[in-house]
Amino acid sequence: MSTSLNPAQRRAAEILEGPVLVIAGAGTGKTHTLVHRLVKLVESGVAPESILLLTFTRRSAQEMVARAAKMLGDEREPVAGGTFHSFANLTLRRYGRDIDLPSNFTILDQSDVFEILSGIRTELKLTDEGLDLPRRETIAAIISKSINQQAPIEDIVAREYSQFFNITDYLGIAASRYEKYKSEHNLVDFDNLLVLLIRLLEQSDEARARVHDRCRYVMVDEYQDTNVLQARITHLLAGESRNLMVVGDDAQSIYAFRGANHRNLFDFKESFPDAELVTLEENYRSTQPVLDVANALMVQMSEAFQKRLFTKRAEGTRPLLVECSNEQEQAVFVAEEIGRLREQGIPLSEIAVLFRASRHAFALEVELGGHAIPYVKYGGFRFMESAHIKDVLAHLKLVERPEDDLSLSRVLLMRDGIGKKGAKQILDAVSGLSLVKSLRSYKARGKVRASLDELASFLESIEPLREAPPRCLEAAVEAFDPLIKTRYDDWPRRKRDLETLVGLVERYRSLPSMLTDLTLEPPNAARGQGLASNAPRSELVLSTMHSAKGLEWKAVFVIQAQDGFIPMISGFNTEREEDDEEALDEERRLLYVAVTRAKDLLYVVWPRDTARSRYSWPMPSRFIERIPEEYFERCDAHDWLA
DNA sequence: CGTTGGTAAATTTTT
DNA sequence: TTTACCAACG
Ligand SMILES: Nc1ncnc2c1ncn2[C@@H]1O[C@H](COP(=O)(O)OP(=O)(O)OP(=O)(O)O)[C@@H](O)[C@H]1O
């Protein structure tokens, strides 16, 4: 990385005290500036460990912390940095007692939340015959949005889910039952982490003082992706010293679907009227032909603070708009073109393929396999949330916290002879006593008796292994072996995943921190692949557009750019028009993020024949259609490949 | 009561 | 591909 700064960047980096706001377009060096300011702080005598770097996504956090570590060198203490959620977790484990939060709370992942909500959903349906409730995913989305926007359920339903307006009350009941379940079981979901951190910082003078003492300088990257809660946390962390830098680009705000509010970026000036505002204009990443496309997307945005990106790299290849007859041809085109780029000396690690949704890359993944092109995929598939992984981990969670009813229920249900009713009865019977003892003394016969004895013996046998979490996991995997074979037809693949998991946790010495990390920072493993070879090799990146933010590659392919996929139009869209407008704007910003990842070469590829094309005439993305024709080179994949 | 097997419906993006 | 729901069987 270059160590130089342009005058505007230097100005921002040299304001060491007080609030600083950097608003700038893609590739203008926001992260670059932030990291340089960090170095200047350290050079001025600030201890690296008293600087806190925060951002919303794990990948941005990794990128930011890695760049910081590289600039500071090895001999320095590492800076503290991560996502808001991981910071909240650490702080709450340490000081949570001040607000009556036990430090051994369990964090729920997405699928845990779904599980609890399906339970509540069936309960509600049972009491009210004929009641039609939305799917559990939708209920979860509504509840989460209400927390992340700090708005009542009624408002969220009225605004964005008007098709459920008549059952608003039930959604409210579901939300309060869900909250009750969590607090009764010492469970905390991702949203709670933020809410509880705010409560802690507001209510505990001591905790706040300690946190301020430790985090004397705070910097937030990708600030446009923060929601009300994260903005509040940022303000609380700044405290009286107000040593706070936030950087962001409103045109790259892509998390409104989870309550992010890019206006936070502008509101910063209102909360901190004396904040120094720095804007950056020169792009150091891309060639002008790539920026022409980005700028053409920018002018389509209704709300954006218009920033015209320019670069000294005036010369470059015009982006290519490629039309394919179908997804298969799209996959072939991308794979072949990547082969050609490699022949021209571009390493695989400098090439990325970006898409709107994980499944848009399925055909390409198969094709890459055929071409022996190694790749790593980000986004979409959640290894840690596969059923078999959760099955095994539920056993370990039970060792860590025997009163974890959610895990106990899961562990019971997978055993022979125990169904919903039985599990509930056993659950009610065990509360209070030692788990192993109560499982043994529970009155049951036949299959159920055998299942309970087997579970009790297993729990007893791994108890001594607590101090060696990887061995504990191995034992659980082994005990799970007979169950995996009866439960899953495709058990060989799932067994490989479990071996992968064992390999991934080798370094852990503490069971609770292992379990927390696996939830909060789940490793990105591929399905059924086994352990990746640890020989470092150059790999192609396949990524969702969301996960690509903040990163850059020489060559970028944006695939599945058919209208309907970009922007993504869901089949069931009863939202109000103005919300549609907002949603559409977000989709456009997403494409803006994608195209601004490219340094030199940009390909936008669209297939004609897809699942959608049966219902509507296939067209390239409406956002692409509105870009002046001369900004793209156009071709048909069929001719190109010939 | 639990299991099994069938059908219909839905299928983003992240912490 | 998975999940919610239902009916039939043990
Ligand atoms: N003053 C500079 N001189 C040379 N290169 C620079 C300069 N500033 C930034 N760069 C380079 O430009 C590229 C983009 O920088 P960076 O990732 O910090 O931009 P960004 O504004 O954070 O981008 P995004 O909004 O896309 O996350 C990087 O490769 C960085 O090294």
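What you see is a predicted model; the values in this text were computed from it and never measured.
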Original post:
How close do A:Leu602 and A:Ala598 get, heavy atom to heavy atom, and via which atoms?
Top reply: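 Closest approach of A:Leu602 to A:Ala598: CB-CB, 4.1 Å.
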
**OP:** Check A:Tyr181 against A:Asp405 and note the closest heavy-atom contact, atom names and distance.
**Re:** OH-CB, 4.1 Å

Original post:
Would A:Leu236 and A:Glu202 count as a side-chain contact (heavy atoms from CB on, under 4.5 Å) if you check the C-alpha gap in whole Å, the side-chain angles of each, and the deciding distance to 0.1 Å?
Top reply: CA-CA 8 Å; A:Leu236 285 164; A:Glu202 281 178 345; 4.0 Å; yes

Report which part of the nucleic acid [X] touches: base, sugar-phosphate, or nothing (heavy-atom distance under 4.0 Å, all strands).
X	value
A:Arg589	nothing
A:Tyr255	sugar-phosphate
A:Ile418	sugar-phosphate
A:Glu521	nothing
A:Lys125	sugar-phosphate
A:Ser86	nothing

Rounded interatomic separation in angstrom, taking [atom1] from [X] and [atom2] from [N]:
X	N	atom1	atom2	answer
A:Leu133	C:dC5	CG	P	9 Å
A:Phe362	B:dT12	CZ	P	11 Å
A:Glu137	B:dT14	CD	C1'	15 Å
A:Glu385	B:dT14	CD	C1'	11 Å
A:Asp563	B:dT12	CG	P	18 Å
A:Lys390	C:dT2	NZ	C1'	16 Å
A:Ile107	B:dT14	CD1	P	19 Å
A:His85	B:dT15	NE2	C1'	4 Å

Tell me which nucleotide among [options] gets nearest to the side chain of [X].
X	options	result
A:Thr57	B:dT15, B:dG2, C:dT2	B:dT15
A:His546	C:dA4, B:dT13, B:dT15	B:dT13
A:Arg135	C:dC5, B:dT11, B:dT15	B:dT11
A:Ala357	C:dT2, B:dT14, B:dT13	B:dT13
A:Thr122	C:dC5, B:dG2, B:dT15	C:dC5

Original post:
When rounded to the nearest 0.5 angstrom, what distance separates CD in A:Glu552 from CZ in A:Arg597?
Top reply: 8.0 Å

**OP:** Compare the ring of A:Phe84 with the six-membered ring in the base of B:dT15 and state whether they stack (centres under 5.5 Å, planes under 30°).
**Re:** no

Original post:
Does the side chain of A:Thr83 come under 3.5 Å of the side chain of A:Ser86 through a donor N or O and an acceptor N or O?
Top reply: yes

Original post:
Does A:Arg58 get its side chain close enough to the base of B:dT15, under 3.5 Å, for a donor-acceptor pair?
Top reply: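 Answer is no: no donor-acceptor pair is held.
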
Is the phosphate of [N] approached by [X] (side-chain N or O, under 4.0 Å from OP1 or OP2)?
X	N	answer
A:Arg356	B:dT11	no
A:Lys420	B:dT3	no
A:Thr544	B:dT14	yes

Subject >> DNA chain B: 5'-proximal contact among A:Lys421 and A:Glu587 (nearest heavy atom) >> reply: A:Lys421

**OP:** Between A:Gly379 and A:Ala423, just flag the one whose closest nucleotide in DNA chain B comes earlier from the 5' side.
**Re:** A:Ala423

**OP:** Decide ring pair (Phe, Tyr, Trp, His ring centres under 6.0 Å) for A:Phe105 and A:His185; before the verdict, give the C-alpha distance in whole Å, the side-chain angles of both, and the deciding distance to 0.1 Å.
**Re:** CA-CA 9 Å; A:Phe105 59 83; A:His185 291 85; over 10 Å; no

